[in-house]
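Quick notes on the structure that follows.
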Number of protein chains: 2
Amino acid sequence: MRDVAEGAGVSVATVSLVVNNKKDARIGAGTRKRVLETIRELGYRPNALAKNLVSGSSRFIGLVADAIATTPFAGQIIHGAQDEAWKHGFVLLVANTEGDEPVEKDAISMMLEHKVRGILYSTWFHRPTQIPAALQETDFVLVNCFSPDSDALAVVPDEVHGGREATDILVRKGHRRIAFINATIPAPAKDGRLQGYREALESAGIAFDPHLVFDAYPDQEGGYGAVEELLKRDVTAVFCYNDRMAMGLYDGLKQEGLSIPDDMAVVGFDNQEVIAAHMRPPLSTVALPHYELGAAGVRLLLGVDEPAGSPVLKLECPPVERDSVGPITLTGSRLL
Amino acid sequence: MRDVAEGAGVSVATVSLVVNNKKDARIGAGTRKRVLETIRELGYRPNALAKNLVSGSSRFIGLVADAIATTPFAGQIIHGAQDEAWKHGFVLLVANTEGDEPVEKDAISMMLEHKVRGILYSTWFHRPTQIPAALQETDFVLVNCFSPDSDALAVVPDEVHGGREATDILVRKGHRRIAFINATIPAPAKDGRLQGYREALESAGIAFDPHLVFDAYPDQEGGYGAVEELLKRDVTAVFCYNDRMAMGLYDGLKQEGLSIPDDMAVVGFDNQEVIAAHMRPPLSTVALPHYELGAAGVRLLLGVDEPAGSPVLKLECPPVERDSVGPITLTGSRLL
DNA sequence: GTGAAAGCGCTAACAT
DNA sequence: ATGTTAGCGCTTTCAC
């Protein structure tokens, strides 16, 4: 910067003024041009480190994630956070903790030392979490998780709404005997989606039948294994806890010689692109708003979004209709 | 820091020495203890910004990616890079460009302004690339891509080796008529895997038959659509360009009433966990070393690994054997 | 063993 | 309209 000042025959202050083009400081048109030229000639770049030091805080936003690798989900959160941060002139500092506490502590320390504007603390699946002590030293928002015993800002998917949407896809096509294969694993998703399922049935005037709900491990094998039980239920449609279960279910159904959606309508949950969009037939499902989770997280952090009412913001899970759900057909329905 | 110095009744210089526990500077045991205590009491954290300003360069490593979101792959690269960087006391600065040139330029500028130690420039699938001009201003390593017309450091998967491994899985089980469904899209992977396939056949003393190689679009639909052609070939095994094709192929095969691996052995490529590990039967495939790509990238960048010979380091693609390949059976093989 | 002081590159009063 | 100067929090000679 000093070099530029000398080169252009001005002071460093002047250079600073034109670089940041400060409004209130009037710089002579000639001077400005001269400075700009010198900058180009010298290939000068401002030193963000020094800039931040002066201002006392950086343009960093920290993102600590418990599992960058395991799923595509974390990637989406990072992506959303990164885009939104960028939009406001911030950069993402990413740390992966793999759920390891000491690592997490180090990661947060490091971010604090870099005087981050704030920290996004994210988990790869929606769940309650403890807030690490060090987090309190700065602004933070929980992403895809929440603290049951604090009023920390958080943003999570609206599981109930998602469950309702998923069920509605089926209801709208005329299905009335709709099974729900829930997960065996306790989670906000398990309870929320079930509640959404019940709400959707109720709105449609369909009585809730507990025999139509059963549990399975939420992966392909779980879905495959659920087929036998399912076929005892005399249903025309199934709502699966997630896409992976739906994938296994497809296999089982096909093996029984059943066709989708004619013999059985299927909807999943998660909208895992690699899977859902390319199954045969493509799977109707409900999307988990991971990208939006990340983006909303930084908006909350930066205060551009205000938390309305509750400190935990719930994001909608939009339905994604593909071809695994059709109307009940006379020929197809095993019930007729 | 000044507060700590005052609190402990020493100078800031002493505090600095204690904090970084410098070897050569002898600090009285009592003084050290006193300083450490004061630090704890005051909850002091060193300011990384200031530290970096003095040292002139930061402990940042930049990672610019063209697609964080699209696939789980990018996530793995980030993860590997992050772990390795962390190991050496560096932090990852992540930028997603979505392939947009201006964004990419900004991202690199920002990293340069933050005086990063170097930049990892990564793409989500293995391909040739142009080196953005600004990159040259710092140390950089190409990850999952390479520059045909420069000797820039790069680290990429060894496609030929991968193709050989995939084919070998089949060969080892006694298969001799092995089809290869290649991609329609030009890429290092297309050429490399084909070459690997040929090499593996040759090593096994199997004559290469061009009729056993054909092209399809590298996704589920492509795999499904390839079934008809495939069944004309009188083969007992197929090597698919990627797991997604294998997934579609499964559907097609099952629809024909064929069973895997008894009627047809299948191997994929990529080892996309969500898919491969949970297909029925679980898919034998070859893993793309994304995590290692990221990790090796930072090692190359930091100079802990030296490029041996060529500036482009090729990483092995390890085979992952599951259950989609069995020995040729008398009952199963359609040829007998 | 420990302190004083210079300086990293920049910004923001305050002068001129 | 532009220059001077005092720090931002830290490291690092060099004295004592």
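Chain naming here is simple, since letters A, B, ... match the order of the sequence lines and numbering starts at 1 in each.
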Once you round it to whole Å, what is the distance between [atom2] of [N] and [atom1] of [X]?
X       : N      : atom1 : atom2 : result
A:Asn52 : D:dC8  : CG    : P     : 16 Å
A:Asn21 : C:dC10 : CG    : C1'   : 16 Å
B:Ile27 : C:dT2  : CD1   : C1'   : 7 Å
B:Leu49 : D:dT11 : CG    : C1'   : 15 Å
B:Leu17 : D:dT13 : CG    : P     : 11 Å
A:Asp3  : C:dC8  : CG    : C1'   : 14 Å
B:Arg26 : D:dC16 : CZ    : P     : 18 Å
B:Asn47 : D:dT11 : CG    : P     : 10 Å

Of the nucleotides [options], which has the atom closest to the [X] side chain?
X       : options               : answer
A:Ala13 : D:dC10, C:dC10, D:dG3 : D:dG3
B:Leu53 : D:dG9, C:dC10, C:dG3  : D:dG9
B:Lys51 : D:dT12, C:dG9, D:dC10 : D:dC10

Original post:
Out of A:Val156, A:Leu288, A:Leu293, which one pairs with A:His126 under the side-chain contact (heavy atoms from CB on, under 4.5 Å) rule?
Top reply: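 Considering A:Val156, A:Leu288, A:Leu293, a side-chain contact (heavy atoms from CB on, under 4.5 Å) with A:His126 is found only for A:Val156.
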Subject >> Distance-minimising heavy-atom pair for A:Ile131 and A:Ser150 >> reply: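 Heavy-atom minimum between the residues: CD1-OG, 3.5 Å.
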Original post:
Which part of the nucleic acid, if any, lies within contact of A:Val54, taking any heavy atom under 4.0 Å across all strands shown: a base, the sugar-phosphate backbone alone, or nothing?
Top reply: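 If one applies the 4.0 Å heavy-atom cut-off, A:Val54 turns out to touch a base.
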**OP:** Give one of base, sugar-phosphate or nothing for B:Gly30, where a contact means two heavy atoms less than 4.0 Å apart.
**Re:**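 The answer is nothing, as B:Gly30 stays clear of every strand by at least 4.0 Å.
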Original post:
Starting at the 5' end of DNA chain C and moving along, which residue's nearest nucleotide shows up first, B:Gly56 or B:Arg34?
Top reply: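 Closest to the 5' end, via its nearest nucleotide, is B:Arg34.
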Subject >> 5′-ward residue of the pair A:Ser16/A:Arg2 relative to DNA chain C >> reply: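 The residue closer to the strand's 5' end, by nearest nucleotide, is A:Arg2.
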Subject >> Short side-chain N/O contact from A:Lys22 to OP1 or OP2 of C:dA12, under 4.0 Å >> reply: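 For C:dA12, OP1/OP2 do have a side-chain N/O of A:Lys22 under 4.0 Å.
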Original post:
Are any of B:Ser11's side-chain N or O atoms less than 4.0 Å away from OP1 or OP2 of C:dA4?
Top reply: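 Negative; the distance criterion is not met.
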**OP:** Mind running side chain to side chain donor-acceptor pair (under 3.5 Å) on A:Ser58 and A:Arg117 for me, showing each step along the way?
**Re:** CA-CA 6 Å; A:Ser58 70; A:Arg117 176 52 235 283; over 6 Å; no
Original post:
Checking ring-ring contact (aromatic ring centres under 6.0 Å, His included) for the pair A:Phe60/B:Phe60: CA distance, chi angles, key distance, verdict?
Top reply: CA-CA 12 Å; A:Phe60 293 130; B:Phe60 293 130; 5.2 Å; yes
Original post:
Got A:Ser16 and A:Met1 here, is their nearest side-chain heavy-atom distance under 4.5 Å?
Top reply: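 Contact flag for A:Ser16/A:Met1 side chains = yes.
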Original post:
Want to settle it: does A:Thr31 or B:Ala50 sit nearer the 5' end of DNA chain D, counting the closest nucleotide to each?
Top reply: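 The residue whose closest nucleotide sits nearer the 5' end is A:Thr31.
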